[in-house]
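Naming convention: chains lettered A, B, ... in sequence-line order (proteins, then strands); numbering from 1 in each chain. These numbers come from the heavy atoms of this one structure, side chains and all, not from hydrogens, waters or symmetry mates. Since the model is a prediction, treat every value here as computed from it, not as a measurement.
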Amino acid sequence: MRAGGQGPSEKLAMDAIFRDLTEAQREAVEHIEGPMLILAGPGSGKTRVVTHRIANMLNHGVRPWQIAALTFTNKAAEEMRLRVDSLAPGQPVLIGTFHRFCAQLLRRHASMVGLSENYSIYDTSDSKQAMKRAIAAAGVSTTHASPEQIASSISHAKNRLTTAEMMEGHALTPKDAIAARVYPVYQKQLLTANAVDFDDLLLHIAHLLRENPEIREELDTKYKYILVDEYQDTNLAQYAIVRALSINAPNLAVTGDPDQSIYGWRGADLNNILDFEKDYPSVKTVRLEQNYRSTPNVLRVADQLIRHNRRRKPKKLYTDNDEGSPVILRFYEDGYQEADSIVDEIANAINSQGLRPNDFAIFCRMNAMTRSLEHAFRNRSLPYQIVNGQEFYQRREIKDLLAYLHLINNPNHDVALTRIINVPTRGIGAKTIDKIRNHADQHGLTMLEAARQANTIEGLAKRSASMVRKFIQIYDNLSVKATAPLEDLLRYLVEATSFEDHLEKTSVDQQDGNSLANVDELISAAVEFDRQHPDDGSLEAFLEQVALVSDTDAFDGTNDRVTLMTLHAAKGLEFPHVFIIGVEDDMLPHKRSKENEADFEEERRLLFVGITRAKNWLQLSCCKRRTIRGDVRPVIPSPFLNELPLEEMRRVETTRDQDWFDQDPYADEDSFDQGYPDSWDIPTDDTSKIKNDTPVDQVESASQIIADETTQLPEHELAAAAARNKKKQASAAIASSLKTAADLLSNPPTPLRAYCEGMLVRHSEHGDGTIVSVTGRGPKRIARVRFEDEERSFRLAFADLQVLDD
DNA sequence: CCCCTGTTATTTTTT
DNA sequence: ATAACAGGGG
């Protein structure tokens with residue numbers, strides 16, 4: 001059925017479009033001409049409104065190619081495409097991310113900004129490499145600003161549409177001043193390499209539109225109706241682009257929620273949405289405040305929290321959903337217990353309540369926090385997925401192969417050349433590469449061109465030059481296949497470089513057995529791409545697609561797995577049961593967010609986004625100590641916790657079994673555990689609130705907490721959890737005796753003795769020795785041991801040292 | 001030039 | 001804990 005068809009079919013479509021809409025939703029869907037602002041709270045059916053609106057526009061004779069719907073993530077774009085397609089099948093409406101939209105525009109108009117159409121998109125690590133080279137070339141010292149800081153400063157400038165020349169004018173902070181010196185060099189390098197970074201995609205288009213009125217007008221009229229999703233996350237560049245395309249045809253409809261703005265660090269400007277009504281005085285504003293997703297319990301917690309933000313538009317969140325169960329605030333001893341216990345609870349809930357793994361999601365502030373969870377899931381053999389899709393394309397072997405493809409597609413791609421000129425190793429070392437680079441810089445050549453002149457490069461050994469020629473030979477052979485189907489190209493590449501031999505050689509010691517499998521997976525992706533793009537199956541398009549995939553795209557809701565992801569990645573999703581871990585000071589208001597109020601409020605919004613993902617059930621948790629980059633630190637609960645309606649929440653303390661606690665290897669070292677006992681209250685004047693008003697439950701079982709049943713977690717499972725927790729701290733010798741719960745019950749370990757001077761110990765490798773000194777405390781405690789003919793130091797917490805009885 | 005080893009710095013969030 | 005980096009022996 002075609003949208004906009006005749007008679008009965010149109011009626012059917014209209015019915016499908018308007019059925020079950022609330023008054024506010026209908027109002028938004030019916031709107032076609034003129035600017036519109038849809039303020040949509042979480043779970044208010046925003047995507048539904050947007051997609052139905054598109055369908056309605058098509059029904060009213062708007063041509064599909066006149067509509068451009070812009071999102072931030074591919075995931076959101078796909079979702080929208082899917083839902084538009086079910087209402088108006090097969091309509092070529094442009095739905096895509098800002099970056100992809102710009103990338104495609106830039107292909108067409110590349111020459112306007114000094115690029116050619118086969119330009120490459122540098123990913124973060126590519127631009128990091130380029131940045132280092134630019135810093136060196138600019139002769140800038142990195143003592144006062146790290147390459148990362150310089151990169152971030154330049155990135156921010158680009159997001160604010162500030163060019164290198166403009167930045168020179170008004171130097172601001174010392175760091176920006178340093179960045180201002182690198183910026184023009186970096187930019188010039190990108191241009192020579194015929195490449196752009198992510199920010200450039202937006203920046204180039206914004207400038208293009210500003211400086212070429214004809215092009216601007218042509219595109220403005222072409223994309224007569226523009227929709228922007230998550231408008232609160234737009235930065236100045238995106239704002240400029242959208243505005244430039246809405247002058248002749250000011251039919252700009254934006255949706256967003258100021259309370260869900262979480263990309264300020266990437267340059268998003270909350271003012272864009274807060275001031276939209278000023279930008280377009282004739283705007284029609286629709287507020288979607290009814291929530292269809294969450295229980296009142298969840299919603300009240302979210303609302304109480306977000307009230308504390310000052311920069312926002314107050315809004316009412318309400319729902320007709322059932323009350324549901326109270327939100328849980330849970331305390332754990334440490335991150336390991338947190339992980340084990342959450343996984344146990346999920347496993348039990350699945351067994352006893354007929355829930356599925358994909359009913360659950362666990363959110364965290366940092367990707368690193370998924371590690372301990374991953375272990376716990378593996379121990380339990382519960383299916384899980386960690387949403388960071390970049391991982392595959394970040395693997396070394398994949399990046400290497402892609403670098404070959406990049407160089408074939410764009411011979412100017414110096415970063416790619418540097419990456420693969422000696423992969424597999426072919427006798428071209430760092431020195432040789434430096435010489436090629438210098439030669440290129442001196443003569444204004446790309447590195448590939450410079451490499452072609454290897455013979456004439458001064459000071460380059462004959463041997464090296466011939467190695468370089470060999471590489472050029474391989475490259476030229478590959479280039480011939482550039483227009484072949486991707487699959488053929490890749491297979492030829494793998495063969496011509498003996499890539500598989502190379503992998504086998506270099507991954508001997510690693511458990512990298514999958515690197516070969518990864519190559520196969522890449523080939524499969526190529527096959528798939530060939531299939532989807534039979535005619536235009538260009539290398540360029542494939543590389544663009546790969547460059548613009550993101551973490552969040554990896555999420556697959558149809559997989560029956562528990563989902564682990566960052567709070568940022570969770571935006572736009574919903575799950576029946578949600579755990580938010582690490583709601584801790586310096587973690588959830590992240591340490592680096594505390595310098596200014598704007599950043600701090602963004603952290604609050606981040607938690608708000610997390611909370612409002614939950615449909616039926618929610619737990620926030622917080623540990624008493626957490627292992628951060630190797631060592632254990634005491635933790636202060638997040639100040640946000642005191643902003644929640646604690647009196648209606650359920651507080652749960654999970655302590656470790658006392659017997660186990662006593663056997664702590666450091667128990668008699670008077671250090672370590674004593675740091676926290678009473679510092680453990682929420683650090684505000686409001687402490688009493690959480691301590692006294694809420695009943696403190698002791699250890700509760702998983703199903704008890706999730707379903708209010710009273711089954712008790714079997715004792716051995718608690719012990720097993722405790723054993724897993726212990727492993728990290730106990731010495732290897734002791735830990736190995738604690739492998740299973742059964743072991744545990746039949747062979748209670750002997751209490752540990754504190755190591756001290758003069759003690760006789762045995763090491764599996766070095767043999768017997770005597771402790772000459774013991775220093776440090778806690779996990780950093782180090783013993784110096786004298787063996788027969790040498791002296792060594794060991795971190796006691798991890799060392800393989802067995803105490804010998806006299 | 002290659003590879004192994006030990007040392008050092010580094011860690012938010014992502015298109 | 002991990003990765004990037006530097007230095008030394010082969």
A:K571 vs B:dT15: side-chain N/O to OP1/OP2 distance below 4.0 Å: no
Atom CZ of A:R371 with >12 non-hydrogen neighbours under 6.0 angstrom: no
Under 3.5 Å side-chain donor-acceptor pair for A:D585 and A:S638: no
Touch class at under 4.0 angstrom, heavy-atom based, for A:T432 against every strand present: sugar-phosphate
Shortest side-chain distance from A:T124, nucleotide among B:dT15, B:dT14, B:dC1: B:dT15
N/O (side chain, A:N367) to phosphate O (OP1/OP2, B:dT14) under 4.0 Å: yes
Straight-line distance of A:D199 CG to A:I154 CD1, nearest 0.5 Å: 10.0 Å
Extract all donor-acceptor atom pairs below 3.5 Å that involve side chains of residues 464-473 of chain A and protein atoms in other chains or at least two apart in sequence.
| residue | atom | partner | partner atom | Å |
| --- | --- | --- | --- | --- |
| A:S466 | OG | A:R463 | O | 3.0 |
| A:R469 | NH1 | A:N455 | OD1 | 2.4 |

Of the listed nucleotides B:dC3, B:dT14, B:dT15, the one nearest the side chain of A:F198: B:dT15
Touch class at under 4.0 angstrom, heavy-atom based, for A:K431 against every strand present: sugar-phosphate
Aromatic-base stack, A:W265 on B:dT13, cutoff 5.5 Å, angle under 30: yes
Sugar-phosphate only, base, or nothing, as touched by A:K128 at under 4.0 Å among non-hydrogen atoms: nothing
Touch class at under 4.0 angstrom, heavy-atom based, for A:D199 against every strand present: nothing
Nearest to side-chain heavy atoms of A:T97, which nucleotide of B:dT13, B:dC2, B:dT15: B:dT15
Sugar-phosphate only, base, or nothing, as touched by A:F98 at under 4.0 Å among non-hydrogen atoms: nothing
Interatomic spacing from CZ in A:R107 to OH in A:Y119 - rounded to 0.5 Å: 4.0 Å
Closest to the A:T425 side chain, choosing from B:dT14, B:dC1, B:dC3: B:dC3
Shortest side-chain distance from A:N422, nucleotide among B:dC2, C:dC5, B:dT14: B:dC2
Nearest-Å distance once atom P is located in both B:dT13 and C:dA4: 15 Å
Touch class at under 4.0 angstrom, heavy-atom based, for A:I428 against every strand present: sugar-phosphate
